[in-house]
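The structure appears right after this line, and notes come after that.
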Amino acid sequence: MVRVPVTVDGTQAVKGLDGLSIGLVAPTLGMWLPSTGDVIFPPDSLRVRLQVRVTGEPNIAGENGSHDQVVQLKQYVFGTLVGDSLTISTSGTDLLGNWSVNAEFEPVAPQ
């Protein structure tokens, strides 16, 4: 579990994030530079599913509980491809403030 301070309307609460899962929703097209392993995805091309359980002190934002949300990344996303692992990093802003995501994706065997 990760504990993070959250400030909403000047009031601070400590929240716990547990069971965080980030996954690609669908295949996408990006640009890969084989000589460096760098990848670039244009705006709106990546959709990721975020799943997490939020616990901690209650506040007016009411975010405690389980969340399952699909986010379409609106800006360029940069990353690296090494072997079968894709690592990306991106950031943005929404109603709750600034956020960033760093994720590493590895292939999943078919079930």
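FYI, side chains are in, hydrogens and waters are out, and symmetry mates aren't considered; it's all heavy atoms of this structure.
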Which value, rounded to the nearest 0.5 Å, describes the distance between [X] atom [atom1] and [Y] atom [atom2]?
X: Arg53; Y: Leu17; atom1: CZ; atom2: CG; value: 10.5 Å
X: His67; Y: Gln51; atom1: NE2; atom2: CD; value: 12.0 Å
X: Trp32; Y: Leu81; atom1: CH2; atom2: CG; value: 6.0 Å
X: Arg47; Y: Leu73; atom1: CZ; atom2: CG; value: 10.5 Å

When hydrophobic residues are tied together by side-chain contacts of less than 4.5 Å, even through go-betweens, does [X] share a cluster with [Y]?
X: Leu46; Y: Leu20; answer: yes
X: Phe41; Y: Val25; answer: no
X: Tyr76; Y: Met31; answer: yes
X: Val71; Y: Leu24; answer: yes

- Provide the closest heavy-atom pair for Val39 versus Thr80 in the form atom of the first, atom of the second, distance. CG2-N, 3.8 Å
- Message: So which atom in Gly30 and which in Pro42 form the shortest heavy-atom distance, rounded to 0.1 Å?
- Response: CA-CD, 4.5 Å
Quick check: does any side chain N or O of [X] sit under 3.5 Å from a backbone N or O of [Y], one acting as donor and the other as acceptor?
X: Thr28; Y: Ser45; result: yes
X: Asn64; Y: Gly56; result: yes
X: Gln72; Y: Asp44; result: yes

